[in-house]
Amino acid sequence: MSTFSYDVKTKETYLPYEFGSTYSPHVSYHFNSDVSQYHYGVRHPMKPFRLMLTDHLVSSYGLHKIMDLYETREATRDELLEFHSADYIEFLSKVSPDTLSKMPRGSLEKFNIGDDCPIFQGIFEYSSLYAGASLDASRKLIAGQSEIAINWSGGLHHAKKAKPSGFCYVNDIVLAILNLLRFHPRVLYVDIDLHHGDGVQEAFYTTDRVFTVSFHKYNGEFFPGTGDFDEIGCSRGKHFALNVPLDDGIDDDSYINLFKSIMDPLITSYKPTVIIQQCGADSLGHDRLGCFNLNIRAHGE
């Protein structure tokens, strides 16, 4: 899940406002209900139907009355090729449970197909839908139509240039950042998912125009096995990747204090013109894959 923010009035980074203040940012919500209709498999922990439940909560709380709602289109093949390799996108567009036996020998191994990243019906359309929503969010920010743009179906941060990883087939975050870089000189990416945002970090590891920050569980073995504090970027991107490896059981106060002590001075020094945040819910307590001790209020904070 990802959120984007930019203050079109001052051309400065938009920082979260205090509830009860007189200023209300211009918020947009980007969603295509078709994305919730896909199914990874009965036992797979990734459940796109939860996106429909989230959309219903948005309506039930009346949030649709204070946001601009956009029904988004699928990302085009050319848009996906802005980051992903041509042979990988070709594979995704052709593979299905019905065509598996017809795929070239070694394709499944080459493209990391397995339990985490299974083949299911409509895999290419699903990936194009959630990527299209993040791209739409980025376009609204660039055009000044929104100050905060939300795509709850996005945030698939593990996908690599030429293969899927960790339930993620297309990296919508990287695609959105590439689009934002056409207009913005500096992008700050903040990841609070339980897992390291390795796909986004890898994509921008050699540039100083994108600062990637990830708070995640790390012990050297936990998926994806990356994200230690010594991963800091290289070449022009050296010191523009920051990882905060965490142990099991971190609680609300510890997480919030740590987050603010790191992010406040970083934003002041880097001066991003746009911020993207990946709000993975598996860092919440009692998540099926999780091991942290955060509640919803702290996650929001």
Any side-chain heavy atom of [X] sitting closer than 4.5 Å to one from [Y]?
{"X": "F204", "Y": "L181", "answer": "yes"}
{"X": "Y255", "Y": "L246", "answer": "yes"}
{"X": "I173", "Y": "Q278", "answer": "yes"}
{"X": "V95", "Y": "M103", "answer": "yes"}
{"X": "N171", "Y": "H84", "answer": "yes"}
{"X": "C291", "Y": "K217", "answer": "yes"}
{"X": "L188", "Y": "M263", "answer": "yes"}
{"X": "F183", "Y": "V274", "answer": "no"}

Checklist entry - Does the pair S93 and R77 meet the rule for a side-chain contact (heavy atoms from CB on, under 4.5 Å), with working shown? => result CA-CA 9 Å; S93 67; R77 186 179 294 243; 3.4 Å; yes

Quick one: do [X] and [Y] end up in the same hydrophobic cluster if we chain Ile, Leu, Val, Met, Phe, Trp and Tyr together by side-chain heavy atoms under 4.5 Å apart?
{"X": "L180", "Y": "Y205", "answer": "no"}
{"X": "Y70", "Y": "L129", "answer": "no"}
{"X": "Y218", "Y": "V213", "answer": "no"}
{"X": "L284", "Y": "F223", "answer": "no"}

Using distance only, find each side-chain donor-acceptor pair of residues 109-124 under 3.5 Å and give its atom names and separation, not counting sequence neighbours.
| from | atom 1 | to | atom 2 | distance (Å) |
| --- | --- | --- | --- | --- |
| K110 | NZ | D87 | OD2 | 3.1 |
| N112 | ND2 | P164 | O | 2.9 |

For [X] versus [Y], what's the shortest heavy-atom pair and its separation?
{"X": "W152", "Y": "C279", "result": "CZ3-CB, 4.3 Å"}
{"X": "L194", "Y": "G290", "result": "CD2-CA, 3.5 Å"}
{"X": "S134", "Y": "G154", "result": "OG-CA, 4.3 Å"}
{"X": "S36", "Y": "L51", "result": "CB-CB, 4.3 Å"}
{"X": "A149", "Y": "H30", "result": "CB-NE2, 3.6 Å"}
{"X": "F83", "Y": "L178", "result": "CB-CD1, 3.9 Å"}

Can you check whether [Y]'s main-chain N or O pairs, donor with acceptor, with [X]'s side chain at less than 3.5 Å?
{"X": "E147", "Y": "H26", "result": "yes"}
{"X": "E202", "Y": "D198", "result": "no"}
{"X": "R209", "Y": "P185", "result": "yes"}
{"X": "N243", "Y": "P245", "result": "no"}

Checklist entry - What's the verdict on side-chain contact (heavy atoms from CB on, under 4.5 Å) for L92 and V170, showing C-alpha distance, side-chain angles and the deciding distance? => result CA-CA 10 Å; L92 274 186; V170 164; 4.1 Å; yes

To the nearest 0.5 Å, what is the distance between [atom1] on [X] and [atom2] on [Y]?
{"X": "D282", "Y": "L289", "atom1": "CG", "atom2": "CG", "value": "6.0 Å"}
{"X": "I150", "Y": "T54", "atom1": "CD1", "atom2": "OG1", "value": "11.5 Å"}
{"X": "I276", "Y": "I177", "atom1": "CD1", "atom2": "CD1", "value": "4.0 Å"}
{"X": "N179", "Y": "H184", "atom1": "CG", "atom2": "NE2", "value": "9.5 Å"}
{"X": "S269", "Y": "F211", "atom1": "OG", "atom2": "CZ", "value": "7.0 Å"}
{"X": "E125", "Y": "S96", "atom1": "CD", "atom2": "OG", "value": "9.5 Å"}

Tell me every residue that passes side chain to side chain donor-acceptor pair (under 3.5 Å) with [X], counting only those two or more places apart in sequence or in another chain.
{"X": "K260", "result": "E301"}
{"X": "S254", "result": "D251"}
{"X": "D208", "result": "none"}

Item to check | No-hydrogen, no-angle side-chain donor-acceptor test under 3.5 Å, Q201 and D191 | outcome: no

When clusters are formed from ILVMFWY side-chain contacts under 4.5 Å, directly or step by step, what else is grouped with [X]?
{"X": "I256", "value": "none"}
{"X": "F49", "value": "M52, L53"}
{"X": "I232", "value": "none"}

Next on the checklist: Go through it in stages, so that I can follow the logic: the residues are L100 and L108, the test is side-chain contact (heavy atoms from CB on, under 4.5 Å), and I'd like the CA-CA distance, side-chain angles, deciding distance and then a yes or no.
Outcome noted: CA-CA 9 Å; L100 270 178; L108 301 188; 3.6 Å; yes

Mind checking side chain to side chain contact (heavy atoms under 4.5 Å, CB included) for [X] and listing every partner two or more places apart, or none if nothing turns up?
{"X": "T206", "value": "C234, S235"}
{"X": "A75", "value": "E79, L80, A131, L135"}
{"X": "D55", "value": "Y29, F31"}

Next on the checklist: Other residues, nucleotides and ligands only: do more than 12 of their heavy atoms fall within 6.0 Å of CG on D247?
Outcome noted: no

Next on the checklist: Tell me whether K238 at atom NZ has more than 12 heavy atoms from other residues, nucleotides or ligands lying less than 6.0 Å away.
Outcome noted: no

Item to check | Residue pairs fulfilling side-chain hydrogen bond (donor to acceptor under 3.5 Å, both in side chains) with at least one residue in residues 286-300, sequence neighbours excluded | outcome: D252-N295, S283-H299

Checklist entry - If you look only at pairs with a residue in residues 56-65, which of them pass as a side-chain hydrogen bond (donor to acceptor under 3.5 Å, both in side chains), with sequence neighbours excluded? => result none

Item to check | Ring-face cation contact, Y40 with K47, 6.0 Å cut, 45° max | outcome: no

Next on the checklist: For the aromatic rings, using the six-membered ring if either is Trp, is the centroid distance between Y126 and Y130 under 6.0 Å?
Outcome noted: yes

Item to check | For H216, the option from H158, H157, H196 that meets ring pair (Phe, Tyr, Trp, His ring centres under 6.0 Å) | outcome: H196

Checklist entry - Are D136 and R73 close enough for a salt bridge, meaning some N to O gap below 4.0 Å? => result no

Next on the checklist: Once you measure the plane-to-plane angle for F167 and H44, does it fall in the parallel (<30°), tilted (30-60°) or perpendicular (>60°) bin?
Outcome noted: perpendicular

